[in-house]
Amino acid sequence: MRSGQLAAILKELADMMELKGENPFKVNAYRRAARAVENSRVPIDALERPEELPGVGKGTAAVIREIMETGQSKQLDEIRNLLPAGLPELMRLPGLGPKSIHVLYRELGVTGIEELRQAVEAGRVRHLPGFGEKKERNLAEGIRKWNKRPVRTLLIHALPVAETLEKRLRQIPQVERVEPAGSLRRRKETVKDLDFVVATEHPAVVAERITAMPEVTQVLNHGETKVSVMVEMGLAIQVDVRLVQPEQFVSALHHFTGSKEHNVRIRQRAKELGWKVSEYGIFDPEKEEVFTFREEREMFDKLGLPFVVPELREDRGEVDIPTLPELLGIEDYRGDLHMHTRWSDGSATVEEMAIAAQKRGYAYIAITDHSQSLKVASGLTADDLKRQREEIDQVNDRLDGMTVLAGVEMDILPDGSLDYPDEVLQELDLVIASIHSGFRQDEETLTSRMIAAMENPYVHIIAHPTGRLINRRDPYGLDLDRVFEAAKRTGTVLELNANPHRLDLNDWYLKRGKEEYGLRFSINTDAHTPEMLSHIGVGIATARRGWLEAEDVINTYSIDRLKDWLAQKRGG
DNA sequence: GCCGTTTTCGGCCCGACTGTTTTCAGTCG
């Protein structure tokens with residue numbers, strides 16, 4: 001049993017209990033337990049006493065034990081027998097929560113989306129208590145969009161739009177301060193919309209200016225403190241702007257940066273001190289006094305907490321521990337170890353890539369073109385690799401203060417063997433192995449295949465370990481705990497691929513790999529053009545979200561230390 | 001269901017908005 005599976009069962013239990021109409025605090029207790037399991041530093045199967053997890057008491061601990069032992073929960077089975085399986089997914093409809101779903105089920109016998117559609121079309125919903133014509137129309141709209149999964153925008157696409165909008169907002173004379181907030185500020189891999197917090201004494205004027213921007217295609221909401229619009233700026237995205245008084249700016253920025261879960265922890269913390277936190281400030285009910293702040297740092301200070309950077313605000317322990325890690329920064333990064341050239345499917349020469357890297361201030365790079373089996377990408381034969389090595393040597397002779405390593409991104413073949421024999425690998429400075437075929441094999445086959453590659457002493461790094469493509473392809477069905485364990489045992493480093501579509505390993509796995517297994521990682525762009533080296537920005541952001549420090553990432557090593565490590569992996 | 005240097009009972013984060021109501025429940029972030 002993996003922590004992800006256990007957490008999923010606890011979440012389902014919470015959802016079902018909520019639909020059943022259980023005490024909301026009890027429901028929340030199960031949600032908290034699910035979070036605690038996800039964020040536990042101890043591997044879940046090594047957890048002897050679940051009640052040691054925060055928010056887990058006797059009751060939930062017993063449920064956890066039962067699930068660990070039997071793989072299921074009697075309580076959950078009972079509710080499943082009581083309530084139709086189609087109900088939980090109805091929560092995805094905007095405006096529909098557990099209470100309304102229960103009414104629909106009880107009064108109309110609605111058990112799923114199809115029956116709801118029929119009830120709405122027959123006009124039967126509007127007569128229910130708490131419902132009306134407007135609500136029925138909104139439901140009809142939600143049902144119409146049911147199958148159009150809202151695709152979240154990639155961070156890398158959202159960033160330039162946010163930057164343009166930020167500049168635009170700054171140009172409005174009545175605007176005193178502007179910051180982007182929300183998941184963009186937390187640098188999540190995808191964002192749903194763009195949030196801005198604006199300080200102004202004249203909210204109505206600013207709101208007017210925003211709705212009048214030429215890129216605005218639709219005004220969704222236009223109130224005194226909030227404007228929501230759809231904009232078309234290369235991509236169509238919703239923009240929410242919150243307008244607050246200047247003295248409220250910092251509290252509002254913190255509030256709208258989130259995450260929701262982080263905010264909840266912050267408010268609990270304030271409550272322990274007898275205060276109340278909202279988007280308007282920290283309120284002391286005893287003295288009837290409101291504290292406001294000039295910088296976020298002051299706000300955390302007031303609560304007796306170390307400053308938490310936006311990337312960590314996910315309630316993964318950042319509010320509960322006395323000292324936070326000194327996160328990796330772009331200035332710590334010394335070289336990119338995964339990129340392609342014209343030798344396979346890249347667009348530039350070795351020298352062009354090297355010069356681009358040097359302009360970024362790097363001390364080294366590794367050229368890692370594809371291996372022979374990957375025909376679609378013009379993979380290199382052993383002979384090609386020899387000739388490429390000659391070219392790399394020449395480039396190294398011409399460059400000053402920059403080392404180009406000769407590497408390869410070698411396919412792990414569907415049968416688990418590697419694409420070159422050891423004699424070829426030992427000639428290379430650095431070997432990355434990765435899976436590009438046979439994605440749909442079963443978990444056991446895929447996992448063994450990857451572990452076999454890690455056991456080869458010549459393999460230094462596993463690239464994009466789960467193979468997911470955000471919004472496009474799910475991760476391979478790997479047992480990542482076994483992969484982590486093998487990485488630890490063999491000293492193999494797992495990659496955080498900084499391609500904005502991959503960002504794989506993701507933040508959550510990075511934190512787990514570091515804390516539970518003591519792993520180190522490599523962050524690389526997998527660039528196929530010189531411009532793509534700039535993707536390292538979102539890679540570093542993801543690493544920060546994964547709580548990584550410079551020491552956890554081999555790309556922060558000096559060239560000498562890196563060479564030592566490369567040799568050491570081979571038993572040198 | 002969980003939790004406790006004010007507590008073993010009575011709380012559990014906070015406020016805005018919507019649509020339903022005529023003072024508020026439900027939903028959302």
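Below, chain A is the first sequence line, B the second, and so on; all start at residue 1.
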Peer 1: Write down the distance separating the P atoms in B/dT27 and B/dT21, rounded off to the nearest Å.
Peer 2: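 Comparing P positions in B/dT27 and B/dT21 gives a spacing of 15 Å.
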
Peer 1: Assert yes or no for the condition that the ring centre distance of A/H254 to A/H262 is strictly below 6.0 Å.
Peer 2: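 Yes: the rings meet the under 6.0 Å criterion.
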
Peer 1: If I take atom CD in residue A/E133 and atom C1' in nucleotide B/dT18, what distance separates them, rounded to the nearest angstrom?
Peer 2: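 Between C1' of B/dT18 and CD of A/E133: 16 Å.
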
Peer 1: Do A/R502 and A/T466 meet the criterion of a side-chain donor-acceptor pair at a distance under 3.5 Å?
Peer 2: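 Side chains of A/R502 and A/T466: no pair found under 3.5 Å.
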
Peer 1: Provide the distance between the two C1' atoms, one in B/dC28 and one in B/dC13, to the nearest whole Å.
Peer 2: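 Going atom to atom, C1' in each nucleotide, I get 14 Å.
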
Peer 1: Please determine if a side-chain N or O atom of A/N138 lies less than 4.0 Å away from the OP1 or OP2 oxygen of B/dG19.
Peer 2: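 Yes, A/N138 has a side-chain N/O under 4.0 Å of OP1/OP2 on B/dG19.
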
Peer 1: State, without any angle test, whether A/E115 and A/T111 hold a side-chain donor-acceptor pair at a distance under 3.5 Å.
Peer 2: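 Looking only at side-chain atoms, A/T111 and A/E115 do form a donor-acceptor pair, the distance falling under 3.5 Å.
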
Peer 1: Report yes if a side-chain nitrogen or oxygen of A/K271 is closer than 4.0 Å to either non-bridging phosphate oxygen (OP1 or OP2) of B/dC12; otherwise report no.
Peer 2: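 The answer is yes; a side-chain N or O of A/K271 sits under 4.0 Å from OP1 or OP2.
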
Peer 1: How is A/K260 classified with respect to the nucleic acid when contacts are heavy atoms under 4.0 Å: base, sugar-phosphate, or nothing?
Peer 2: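 The answer is base, as A/K260 lies within the cut-off (heavy atoms under 4.0 Å) of a base atom.
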
Peer 1: Searching all strands shown, indicate the nucleotide that pairs with B/dT8 (Watson-Crick or G-U wobble; both distances under 3.5 Å).
Peer 2: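 Pair assignment: B/dT8 / none.
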
Peer 1: Both A/G132 and A/S100 contact DNA chain B. Taking the nearest nucleotide for each, which residue is further toward the 5' end?
Peer 2: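 Its nucleotide being nearer the 5' end, the pick is A/G132.
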
Peer 1: For B/dC13, take OP1 and OP2 only and decide whether either is under 4.0 Å from a side-chain N or O of A/S278.
Peer 2: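 Answer is no, no contact under 4.0 Å.
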
Peer 1: Check every strand shown and say whether A/E279 touches a base, only sugar-phosphate, or nothing at a heavy-atom separation below 4.0 Å.
Peer 2: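 Touches sugar-phosphate only.
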
Peer 1: Work out how far the C1' atom of B/dT18 is from that of B/dC12, and round it to whole angstrom.
Peer 2: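 Pairwise C1' distance, B/dT18 against B/dC12, rounds to 26 Å.
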
Peer 1: With sugar-phosphate meaning primed atoms plus P, OP1 and OP2, does A/I266 contact a base, only sugar-phosphate, or nothing at under 4.0 Å between heavy atoms?
Peer 2: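 If one applies the 4.0 Å heavy-atom cut-off, A/I266 turns out to touch nothing in the nucleic acid.
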
Peer 1: Students often get this wrong, so: under 4.0 angstrom with heavy atoms, is A/V277 touching a base, only sugar-phosphate, or nothing?
Peer 2: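 The residue A/V277 makes sugar-phosphate contact but no base contact.
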
Peer 1: When you compare the side chains of A/H501 and A/R473, does any donor N or O come within less than 3.5 Å of an acceptor on the partner?
Peer 2: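 The answer is no; no qualifying pair exists.
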
Peer 1: Does A/A29 or A/K99 map to a spot on DNA chain B nearer the 5' end, using the closest nucleotide for each?
Peer 2: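 Residue closer to the 5' terminus by nearest nucleotide: A/A29.
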
Peer 1: Going by atom types alone, do A/T257 and A/R185 pair a side-chain donor with an acceptor below 3.5 Å?
Peer 2: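 Yes, side-chain donor-acceptor contact under 3.5 Å.
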
Peer 1: Testing the 3.5 Å rule here: is there a donor-acceptor pair between the side chains of A/Q268 and A/R265?
Peer 2: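 Checked: A/Q268/A/R265 side chains pair up, N/O donor to acceptor below 3.5 Å.
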
Peer 1: Whole angstroms only, please: what is the CZ-P distance between A/R269 and B/dG4?
Peer 2: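 The answer, rounded to whole Å, is 14 Å.
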
Peer 1: Checking side-chain polar atoms at under 3.5 Å, does A/D240 have a donor or acceptor matched by the opposite partner on A/Q238?
Peer 2: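 Per modelled atom types, A/D240 and A/Q238 side chains form a pair under 3.5 Å.
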
Peer 1: Under 4.0 Å between a side-chain N/O of A/T60 and OP1 or OP2 of B/dC2, yes or no?
Peer 2: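 Answer is yes, contact under 4.0 Å.
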
Peer 1: Mind telling me if B/dT20 is syn or anti? Syn here is a glycosidic angle within 90° of 0.
Peer 2: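 This nucleotide is in anti.
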
Peer 1: Classify the nucleic acid contact of A/L93 as base, sugar-phosphate or nothing, counting any heavy atom under 4.0 Å across all strands shown.
Peer 2: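 It contacts sugar-phosphate atoms only.
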
Peer 1: Could you state the OH-C1' distance from A/Y30 to B/dG1, rounded to the nearest angstrom?
Peer 2: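 It is 7 Å, rounded to the nearest whole Å.
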
Peer 1: Looking only at atom C1', what distance separates B/dG26 and B/dT20, rounded to whole Å?
Peer 2: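 Per the computed distance, 10 Å lies between those C1' atoms.
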
Peer 1: Round to the nearest Å and state the distance from A/R126 atom CZ to B/dG19 atom P.
Peer 2: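 For the pair A/R126 CZ and B/dG19 P, the rounded distance is 15 Å.
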
Peer 1: Is A/P129 touching bases, backbone alone, or none of the nucleic acid, heavy atoms closer than 4.0 Å?
Peer 2: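 The answer is nothing, as A/P129 stays clear of every strand by at least 4.0 Å.
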
Peer 1: Expressed in angstrom and rounded to an integer, what is the separation of A/F256 atom CZ from B/dG29 atom P?
Peer 2: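 Result: 12 Å.
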
Peer 1: Strictly below 4.0 Å: does A/K276 bring a side-chain N or O up to OP1 or OP2 of B/dG15?
Peer 2: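 For A/K276, the contact criterion (side-chain N or O under 4.0 Å from OP1 or OP2 of B/dG15) is met.
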
Peer 1: For B/dG1 and B/dT8, measure between their C1' atoms and round to the nearest Å.
Peer 2: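 So the two C1' atoms sit 15 Å from each other.
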
Peer 1: Looking at B/dC17, B/dG29, B/dG1, which one has an atom nearest to any side-chain atom of A/F25?
Peer 2: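 Among B/dC17, B/dG29, B/dG1, the one nearest the side chain of A/F25 is B/dG1.
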
Peer 1: Specify the separation, in whole Å, of atom CZ of A/R35 and atom P of B/dC2.
Peer 2: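 The answer, rounded to whole Å, is 18 Å.
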
Peer 1: Find the distance A/E272:CD to B/dT7:P and express it as a whole number of Å.
Peer 2: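 Between P of B/dT7 and CD of A/E272: 15 Å.
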
Peer 1: Between B/dC14 and B/dC9, how far apart are the two P atoms, rounded to whole Å?
Peer 2: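 Their P atoms lie roughly 24 Å apart.
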
Peer 1: Within the 4.0 Å heavy-atom criterion, would you say A/P98 contacts the bases, only the backbone, or no part of the nucleic acid?
Peer 2: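 Sugar-phosphate, backbone atoms only, no base.
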
Peer 1: Within the modelled atom types, does a donor on one side and an acceptor on the other bring the side chain of A/N23 and the base of B/dG1 under 3.5 Å apart?
Peer 2: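 Yes, the side chain and the base share a sub-3.5 Å donor-acceptor pair.
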
Peer 1: Tell me the interatomic distance from A/E18, atom CD, to B/dG26, atom P, rounded to whole angstroms.
Peer 2: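 The answer, rounded to whole Å, is 12 Å.
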
